[in-house]
Amino acid sequence: MPEKVFEINKESLNFIEQIVEEDIRSGKHAGRVHTRFPPEPNGYLHIGHAKSICLNFGLADKYNGKTNLRFDDTNPETEETEYVESIKEDIRWLGFEWEHEFFASDYFEQIYEFAVSLIKKGMAYVDDQSAEEIASQKGTPTEPGKESQYRSRSMEENLNLFQRMRNGEFGEGAKVLRAKIDMASPNMHLRDPIMYRIKFDKHHRTGDKWKIYPMYDFAHGQSDSIEEITHSVCTLEFEVHRPLYDWYIKQLGIFPSRQIEFARLNLNYTIMSKRKLLQLVNEKRVSGWDDPRMPTITGMRRRGLTPEAIREFADRVGVAKRENVIDVSLLEFCVREDLNMRTERRMVVLDPLKVVITNYPEGQTENLPAENNPEYKDSHHREISFSREIFIERDDFELNPPEGYNRLAPGGMVRLKHAFIIRCDETVINPDESIKELRCTYFPESRSGQDKSGIKVKGVIHFVNAADAIGAEVRLYDRLFKVENPDSQEGSFLDYLNPDSLKVISDAKAEPTLKNAKPLDKFQFLRLGYFCVDKDSTSSHLIFNRTVTLKDTWAKVHKK
RNA sequence: UGUCCCGUGGUGUAACUGGCAACACGCUUGAUUUUGAUUCAAGAAAGUCCAGGUUCGAGCCCUGGCGGGACAACCA
């Protein structure tokens, strides 16, 4: 119907949207769009899944369709309920709600009947050979395979054997059910693919009811059909499976779902393989699936990323069939863009250097207003305190300032954010040559917002009042790997872990307004970056995770 | 020496299906700035893997190469 709508639509469409719009235009499935997100519950979702989730739910959303959540749980060996729960939590956190929640295991009975019908049509047979024998007959991509000696069993015998497989009369691996297609096909997946295998593992939902389980190829497409999924979107590696996907649908005469493949997301400096992520967790290279350095949804949530930022990212990376490696800087951009608008600012000193304001009266304290977010004209203000002793960032003072340095140096001046301009009069040195403290004078006339001093300074630095600063633990995260592509390096990907991916600062000094920060609260620590309160944080032991630094032009220029 | 998929700035995605290669990130420079942030402005950067062909005209169509990826789990 809405032909005009599409003509008006001038934005460029990705190739999947083009397919969908063509289908709607031609009236296929009466214009209905129904997608699904089909995770296997054997691990946690990561940013790559987020792209798929945004794609599937986004497609349905855009074209008035629906999206099912379907757990592809056909391998009882690796699948667990723990994962089912985490997957649901992560999808909801990303901001999506599914139409139906299904499990491939819901369809085991029906899929079994599908298999029986193929046997009856003479298109499937029970093979008694071992996995090795079957593999040896399979041929190679360039050589045809050989037919099994069991290929020509009678339909009655196949029916009987398959029933007995279901009954548990044969041991694991003793027999499989195979589709009878073409052992000489140039497509390996069409060389009599295995449909069912015998497994005695306890299934996370069906327990030990089943002794046989369908393979991916004989479960996924069938589930799509049962749910009348119109567009079954998956990643590129399933492209060669599509002829088989279509073959089963045709032979079974069931709802013709269409499989469409797109290129999965790759991010530099990170790995996306579930197996390797699991290895990081198992070997305690990270603290768990939700370690803030992990590319998992749960890890990124703990790190302080927002659903909005992730969705924006998924949108910006696009959808195509070309292999790609996205630069993490794009993710960081999306995160900063979102956090800049939504987070309140606070002052925290990570590496404190004491400063004594020698001309500030002892015992005196004054409060100064500080805006919470300059992005909002009418943002609220909070009070910060100021007195004779304060802490500044050790980094913000240089004994021998390099060219272009505009923070504090001997004899130099800077403004303390929200407060006064100070001048460094004296540097107190420890016996070991390190800097013990600074003795400065302040200019009472230079008070922020009502500066009558006439002094112009180039630099502005943050500080906290020593008298009421509170302690905090701050965890500084950096990329988990030190090379762009840890997967395609010599040796193990573990050899390329970044040893500096986590730096813990146990005694940072924070302004007291942070005292009641709750887990997941997000802030911008002025001039440092965006931070998120860790889930283990309490008011007596505050913990902040650095989500991402602020852009730092100076650091970049100065690095050389 | 098989089948399938894919080749557009550094990265990613576009180019209304044949009409001046655009947008974003990143990068550079400048302005503003009480965050070396944000914001704003300007700029560098691809002639579309190569070679033929069709056409007035090709990133888009055709042919042939070259390059990359996927496929030989009783995983998904």
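Chain letters run A, B, ... following the sequence lines, proteins first, then strands; residues in each count from 1.
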If the sugar-phosphate is the primed atoms plus P, OP1 and OP2 and the base is the rest, what is the B/S/- string for nucleotides 69-76 of chain B, using protein heavy atoms under 4.0 Å? SSSB-BSB
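- Nucleotide rC61(B) forms a pair with rG53(B), judged by Watson-Crick or G-U wobble geometry with both contacts under 3.5 Å.
- Remark: Lys175(A) is positioned above the aromatic ring of Phe170(A), its terminal NZ or CZ atom under 6.0 angstrom from the ring centre and at most 45 degrees off the axis.
- Pair assignment for rC66(B) gives rG7(B), based on Watson-Crick or G-U wobble hydrogen-bonding distances that are each under 3.5 Å.
- Annotation: cation-pi pair Arg153(A)/Tyr125(A) absent, no NZ/CZ under 6.0 Å from the ring centroid and within 45° of its normal.
- When heavy atoms are screened at a 4.0 angstrom cut-off, Glu393(A) is found touching no nucleic acid atom at all.
- Between the side chains of Gln129(A) and Asp127(A), at least one donor N or O lies within less than 3.5 Å of an accepting N or O.
- No engagement by Arg264(A) is indicated, since no non-hydrogen atom pair under 4.0 Å with the nucleic acid exists.
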Measure all distances between protein nitrogen or oxygen atoms and nitrogen or oxygen atoms of nucleotides 19-24 of chain B, and list the pairs falling under 3.5 Å.
{"unit_1": "rA24(B)", "atom_1": "O2'", "unit_2": "Arg316(A)", "atom_2": "NH1", "d": "2.6"}

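- The glycosidic torsion of rU17(B) lies within 90° of 0, placing the base in the syn range.
- For the 3.5 Å distance criterion, the side chains of Ser232(A) and Arg36(A) qualify, holding a donor opposite an acceptor.
- Note on Val319(A): only backbone sugar-phosphate atoms sit closer than 4.0 angstrom, heavy atoms only; bases stay farther off.
- If you take atom C1' in rG7(B) and the same atom in rC60(B), they sit 14 Å apart, rounded to whole Å.
- Of the P atoms belonging to rC16(B) and rU28(B), the separation is 34 Å, rounded to the nearest Å.
- Separation of the C1' atoms belonging to rC5(B) and rC75(B) is 22 Å when rounded to the nearest angstrom.
- Atom P of nucleotide rG10(B) and atom CD of Glu484(A) are separated by 14 Å, given to the nearest angstrom.
- Summarising the geometry, atom CZ belonging to Phe481(A) is positioned 13.0 Å from atom OH belonging to Tyr269(A); distances are rounded to the nearest 0.5 Å.
- Rounded to an integer number of Å, the gap from Lys321(A) NZ to rA14(B) P is 13 Å.
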Given the rule in the ring pair (Phe, Tyr, Trp, His ring centres under 6.0 Å) test, do Tyr442(A) and Phe420(A) qualify, once you have shown the distances and angles that lead to the verdict? CA-CA 6 Å; Tyr442(A) 89 118; Phe420(A) 303 92; 4.9 Å; yes
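- Comparing the same atom, C1', in rC62(B) and in rG26(B) gives a spacing of 38 Å after rounding to whole Å.
- Within the 4.0 angstrom heavy-atom criterion, base atoms lie near Gly449(A).
- To the nearest whole angstrom, the two C1' atoms, one in rG9(B) and one in rA22(B), are 12 Å apart.
- For rG47(B), the O4'-C1' to base torsion is within 90° of 0; the nucleotide is therefore syn.
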Between protein and nucleic acid, restricted to nucleotides 37-39 of chain B and to nitrogen or oxygen atoms under 3.5 Å apart, what atom pairs and distances do you find?
{"unit_1": "rA37(B)", "atom_1": "OP1", "unit_2": "Thr553(A)", "atom_2": "OG1", "d": "2.4"}
{"unit_1": "rU38(B)", "atom_1": "O2'", "unit_2": "Asn340(A)", "atom_2": "ND2", "d": "3.3"}
{"unit_1": "rU38(B)", "atom_1": "O2'", "unit_2": "Glu375(A)", "atom_2": "OE2", "d": "2.9"}

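- When heavy atoms are screened at a 4.0 angstrom cut-off, His462(A) is found touching no nucleic acid atom at all.
- Base pairing annotation: rC16(B) forms no Watson-Crick or G-U wobble pair, as no partner gives both donor-acceptor distances under 3.5 Å.
- Remark: the Asn406(A) side chain and the rG36(B) base include a donor-acceptor N/O pair separated by less than 3.5 Å.
- Side-chain to base pairing of Arg407(A) with rG36(B): one donor and one acceptor N or O lie within less than 3.5 Å of each other.
- Between Thr140(A) and Glu143(A), the side chains place a donor N or O and an acceptor N or O closer than 3.5 Å (distance only, hydrogens not considered).
- In summary, the side chains of Tyr107(A) and Glu227(A) do present a donor paired with an acceptor at a separation below 3.5 Å, with no hydrogens or angles considered.
- Across all strands shown, the partner of rC71(B) is rG2(B), judged by Watson-Crick or G-U wobble contacts whose two distances both fall under 3.5 Å.
- Taking atom CZ of Phe525(A) as the reference point, atom P of rG36(B) lies 17 Å away to the nearest angstrom.
- A cation-pi geometry, defined here as NZ or CZ lying under 6.0 Å from the six-membered ring centre and within 45° of its normal, holds between Arg166(A) and Tyr112(A).
- When only modelled atom types and interatomic distance are considered, Gln524(A) and Tyr530(A) share a side-chain donor-acceptor pair under 3.5 Å.
- No hydrogens or angles considered: a donor-acceptor pair under 3.5 Å links the side chains of Arg346(A) and Thr513(A).
- rA51(B) and rC66(B) have their C1' atoms separated by 10 Å, with the value rounded to a whole Å.
- Computed from coordinates, the Asn324(A) CG to rC25(B) P distance equals 18 Å when rounded to whole Å.
- Between rC61(B) and rA15(B), the distance separating the two P atoms is 12 Å to the nearest Å.
- Using cut-offs of 30° and 60° on the angle between ring planes, the pair His241(A) and Tyr216(A) is perpendicular.
- Residue Phe420(A) is classed as having no contact, given no heavy-atom separation below 4.0 Å to the nucleic acid.
- For a distance-only test at 3.5 Å, the side chain of Arg415(A) qualifies as a donor-acceptor partner of the base of rU34(B).
- One can place CD of Glu332(A) at 16 Å from C1' of rG12(B), the figure rounded to the nearest angstrom.
- Toward the 5' end of RNA chain B, the nearer of the two residues Val325(A) and Arg242(A), judged by each one's closest nucleotide, is Arg242(A).
- Judged by Watson-Crick or G-U wobble contacts below 3.5 Å, the nucleotide rA41(B) has rU29(B) as its partner.
- Rounded to whole Å, the distance from CZ on Phe15(A) to P on rC5(B) is 13 Å.
- Across all strands, Ile326(A) comes closer than 4.0 Å only to sugar-phosphate atoms, never to a base (heavy-atom distances).
- For the residue pair Gln18(A) / Asn14(A), no side-chain donor-acceptor distance below 3.5 Å is found, with atom types taken as modelled.
- Comparing the C1' positions of rU29(B) and rG68(B) gives an interatomic distance of 37 Å, to the nearest angstrom.
- Using a 4.0 Å heavy-atom distance criterion, Gly404(A) is classed as a base contact.
- The NE2 atom of His203(A) sits 4.0 Å away from the OG atom of Ser105(A) when rounded to the nearest 0.5 Å.
- A donor atom on one side chain and an acceptor atom on the other are not found under 3.5 Å apart for Ser185(A) and Asn187(A).
- Atoms CD (Glu21(A)) and C1' (rC16(B)) sit 13 Å apart, rounded to a whole Å.
- Rounded to whole Å, the distance from CD1 on Ile392(A) to C1' on rU35(B) is 15 Å.
- Here Thr549(A) lies out of heavy-atom contact (under 4.0 Å) with every strand.
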